[in-house]
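Source: prediction; values computed, not measured.
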Amino acid sequence: MKTTTQKKRIFKNMQVLLLSGLLLTSTQSISPHGTVTSPPSRVWICFQENPESPDSPACIDMVASHGTQALYDWNEVARMDANGMHREIIPDGNLASAGRPDKYGGLDQVRDDWVATPVSPGPFTVTWSITAPHATLYYEIYITKEGWNPNQPLTWDSLELLERTGELPLSEEDNIEVILPERTGKHVIYSIWQRSLSPEAFYSTSDVDFGNTLSIDELKKPSASLEQNYPNPFSGQSTIKYSLESESSVNIKVYDILGQEVATLVDEVKNAGEHEIIFNADRIQGNGIYFYVFKVGNYIETRRMVIRN
């Protein structure tokens with residue numbers, strides 16, 4: 001027969017185990033993870049606009065149809081049962097919601113006014129910002145095919161693969177380098193983050209706008225060229241350099257992560273040759289990711305910069 005002391009010890013151990021189980025269950029149910037912040041995903045943009053009073057029509061309608069909780073849970077657009085079977089478990093038309101239309105169906109809206117990041121064909125960086133790091137089995141980055149338009153549902157057949165990474169360690173931010181192909185107008189970059197050591201996967205839908213850009217072949221021999229700002233990331237000042245083969249009208253504007261114009265750096269005719277701009281971070285309110293868009297005639301190039309004061 002167990003003594004009173006033994007019974008107390010057993011009861012205390014049972015309490016600890018029960019409490020640990022409850023804490024683990026609670027943590028698992030609310031644990032947030034991540035999304036693409038460059039180019040910003042739909043859910044990230046709507047969250048940044050403010051779930052209680054978003055600004056853009058698409059985000060306003062998302063809140064009207066599905067409430068605010070999906071936006072507060074912006075980093076949980078995921079499936080616990082994925083295990084690499086993305087096409088099997090997520091039906092066409094529900095890619096943006098990760099096949100969870102009851103909660104995230106507002107992201108599946110078929111419309112042409114989602115806030116879009118200006119981009120151009122060529123090298124580009126897709127950034128996953130991760131709030132609860134997990135080791136990565138792979139990332140897959142897709143883009144909608146030429147001929148797709150935002151008034152069509154997002155389907156698996158409408159995507160083409162740009163990049164699939166290998167395994168990556170724990171990180172709070174992962175940058176995936178891709179080459180954007182020739183496109184015109186608005187398109188979608190669709191990203192999958194498959195965890196290792198777990199079947200869980202996360203999904204992200206980012207809208208981009210190529211405008212009326214030239215083809216990649218034409219971009220290889222442009223009459224102008226733009227360099228990455230340096231330093232980057234930066235606080236204080238950063239230098240942007242560009243060159244012109246002939247006298248040209250130059251326009252360089254800065255956009256925030258929501259695609260809103262925040263500054264015009266150049267808007268005038270410049271002589272042929274090399275030029276540089278000293279950009280002061282104090283012209284921008286707030287740290288974070290920004291894009292500067294360089295236009296010379298029909299030539300457009302977009303670069304990403306990060307301000308960290």
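- Between atom CD of residue Glu88 and atom CD1 of residue Ile90 there is a gap of 10.0 Å, rounded to the nearest 0.5 Å.
- Counting heavy atoms from C-beta on, the side chains of Ile278 and Ile240 never come closer than 4.5 Å.
- Here the side chain of Thr144 pairs no donor or acceptor atom with the backbone of Ser158 at under 3.5 angstrom.
- Nearest heavy-atom pair across Gly147 and Gln152 is O-OE1, 4.2 Å.
- Exactly one residue among Tyr104, Trp44, Phe202 makes a ring-ring contact (aromatic ring centres under 6.0 Å, His included) with Trp74. That residue is Trp44.
- Val208 and Leu159 are not part of a single hydrophobic cluster, where members link through side-chain heavy atoms under 4.5 Å apart.
- Of the options Val188, Asp113, Asp112, a side-chain contact (heavy atoms from CB on, under 4.5 Å) to Pro150 is made by Asp112 and by none of the others.
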**Prompt:** How far apart are the C-alpha atoms of Ile141 and Ile189, what are their side-chain angles, what is the distance that settles it, and do they pass the side chain to side chain contact (heavy atoms under 4.5 Å, CB included) test?
**Reply:** CA-CA 7 Å; Ile141 310 297; Ile189 292 178; 3.8 Å; yes
**Asked** Can you list the steps and then say if Thr37 with Trp128 is a side chain to side chain contact (heavy atoms under 4.5 Å, CB included)?
**Response** CA-CA 6 Å; Thr37 54; Trp128 272 86; over 6 Å; no
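- The main-chain N or O of Gly211 is found under 3.5 Å from a side-chain atom of Asp209 such that the two form a donor-acceptor pair.
- Looking at heavy atoms from C-beta onward, Cys46 lies out of side-chain contact with Val115 at the 4.5 angstrom threshold.
- Taking OG of Ser198 as the start and CE of Met80 as the end, the distance is 5.5 Å to the nearest 0.5 Å.
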**Request:** Might you work through the side chain to side chain contact (heavy atoms under 4.5 Å, CB included) test for Leu244 and Glu247, ending with a clear yes or no?
**Result:** CA-CA 7 Å; Leu244 305 172; Glu247 183 181 275; over 6 Å; no
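- Taking CZ from Arg100 and NE2 from His66, the interatomic distance works out to 11.5 Å, rounded to the nearest 0.5 Å.
- Residues Leu226 and Lys241 have side chains not in contact (no heavy-atom distance under 4.5 Å, counting atoms from C-beta outward).
- Closest non-hydrogen pair, Ala224 versus Val296, comes out as CB-CG2, 4.0 Å.
- The hydrophobic clustering, which links ILVMFWY residues whose side-chain heavy atoms are closer than 4.5 Å, places Ile176 and Phe291 together.
- Within the 3.5 Å criterion, the main-chain N or O of Ile89 finds a donor-acceptor partner in the side chain of Arg79.
- Annotation: the span from Asp92 atom CG to Asp108 atom CG amounts to 11.0 Å, rounded to 0.5 Å.
- When the shell of 6.0 Å around OH of Tyr72 is examined, it contains more than 12 heavy atoms from other residues, nucleotides or ligands.
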**Prompt:** Hey, mind stepping through Arg87 and Met85 against side chain to side chain contact (heavy atoms under 4.5 Å, CB included) and telling me if it holds?
**Reply:** CA-CA 6 Å; Arg87 293 173 182 259; Met85 299 183 298; over 6 Å; no
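- When only modelled atom types and interatomic distance are considered, Ser191 and Ser204 share no side-chain donor-acceptor pair under 3.5 Å.
- Hydrophobic cluster membership differs between Leu107 and Leu154, with clusters built from Ile, Leu, Val, Met, Phe, Trp and Tyr side chains linked at under 4.5 angstrom.
- Under a 3.5 Å cut-off, the side chain of Asn50 and the backbone N or O of Glu52 do form a donor-acceptor pair.
- The two residues Thr127 and Arg304 make their nearest non-hydrogen contact at OG1-NH2, 3.1 Å.
- Between Lys145 and Asp157 there is no salt bridge, since none of the side-chain N atoms of the basic residue sits less than 4.0 Å from a carboxylate O of the acidic one.
- The backbone N or O of Val306 sits less than 3.5 Å from a side-chain atom of Asn232, completing a donor-acceptor pair.
- In this pair, Phe234 and Phe279 present their aromatic rings perpendicular. The plane angle is above 60°, beyond the 30 to 60° band.
- Judged by distance alone, the side chains of Thr125 and Glu177 do bring a donor and an acceptor atom under 3.5 Å apart.
- Contact detail for Ile307 and Ala281: the closest heavy-atom pair is CG2-CB, 3.9 Å.
- Between the CD atom in Gln48 and the SG atom in Cys59 there is a gap of 10.5 Å [rounded to 0.5 Å].
- Closest heavy-atom contact between Pro121 and Glu182: CG-CA, 4.0 Å.
- Within 6.0 Å of atom CD in Glu172, 12 or fewer heavy atoms from other residues, nucleotides or ligands are found, so the atom counts as exposed in its surroundings.
- In this structure a side-chain-to-backbone donor-acceptor pair under 3.5 Å is present from Thr131 to His33.
- When atom types are taken as modelled, the side chain of His275 and the backbone of Asn271 share a donor-acceptor pair closer than 3.5 angstrom.
- Checked for salt-bridge contact, Arg42 and Asp207 meet the test: a charged N lies under 4.0 Å from a carboxylate O.
- Looking at heavy atoms from C-beta onward, Gln109 lies in side-chain contact with Asp61 at the 4.5 angstrom threshold.
- Contact annotation: the side chain of Leu71 approaches that of Met62 to within less than 4.5 Å [non-hydrogen atoms, C-beta and beyond].
- To the nearest 0.5 Å, atoms CD1 (Ile192) and CG (Leu137) are separated by 12.0 Å.
- Comment: Asp267 does not engage Lys253 in a salt bridge, judged by the lack of any side-chain N to carboxylate O separation of less than 4.0 angstrom.
- In terms of heavy atoms, Pro231 sits closest to Ser238 at O-OG, 2.8 Å.
- For the residue pair Thr136 and Trp193, a side-chain donor N or O sits within less than 3.5 Å of a side-chain acceptor on the partner.
- Taking the centre of each ring, Tyr290 and Tyr255 stay at or above the 6.0 Å mark.
- Hydrophobic clustering (side-chain heavy atoms under 4.5 Å, transitive across Ile, Leu, Val, Met, Phe, Trp, Tyr) keeps Leu95 apart from Ile143.
- With 3.5 Å as the limit, one finds no donor-acceptor pair spanning the side chains of Ser41 and Thr205.
- Heavy-atom neighbours of Lys295 NZ from other residues, nucleotides or ligands within 6.0 Å: at or below the threshold of 12.
- Listed for the Ser97 side chain is a donor-acceptor partner under 3.5 Å among the backbone atoms of Asn94.
- Ring planes of Trp156 and Tyr190: perpendicular class, angle over 60° (limits at 30 and 60°).
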**Message:** What verdict does the side-chain hydrogen bond (donor to acceptor under 3.5 Å, both in side chains) test give for Ser225 and Ser243, after you've listed the backbone C-alpha separation in whole Å, the side-chain angles of each residue and the deciding distance to 0.1 Å?
**Reply:** CA-CA 5 Å; Ser225 64; Ser243 61; 2.6 Å; yes
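- Counting heavy atoms from C-beta on, the side chains of Tyr139 and Leu168 come closer than 4.5 Å.
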**Message:** Let's go through Arg183 and Glu160 carefully: what are the C-alpha distance in whole Å and the side-chain angles of both, what is the deciding distance for salt bridge (charged side-chain N to carboxylate O under 4.0 Å, His left out) to 0.1 Å, and is it a yes or a no?
**Reply:** CA-CA 12 Å; Arg183 293 287 187 271; Glu160 67 177 60; 3.1 Å; yes
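- Stacking of Arg303 on the aromatic ring of Tyr292 is not recorded, the 6.0 Å distance cut-off and the 45° axial limit not both being met.
- You'll find the side chain of Tyr142 reaches within 4.5 Å of the side chain of Glu140, heavy atoms only.
- Formation of a donor-acceptor pair under 3.5 Å by the Gln194 side chain with backbone atoms of Pro199 is found in this model.
- Leu180 is listed as a side-chain neighbour of Phe210, based on a closest heavy-atom distance under 4.5 Å.
- At least one donor-acceptor pair under 3.5 Å links the side chain of Ser171 to the backbone N or O of Glu173.
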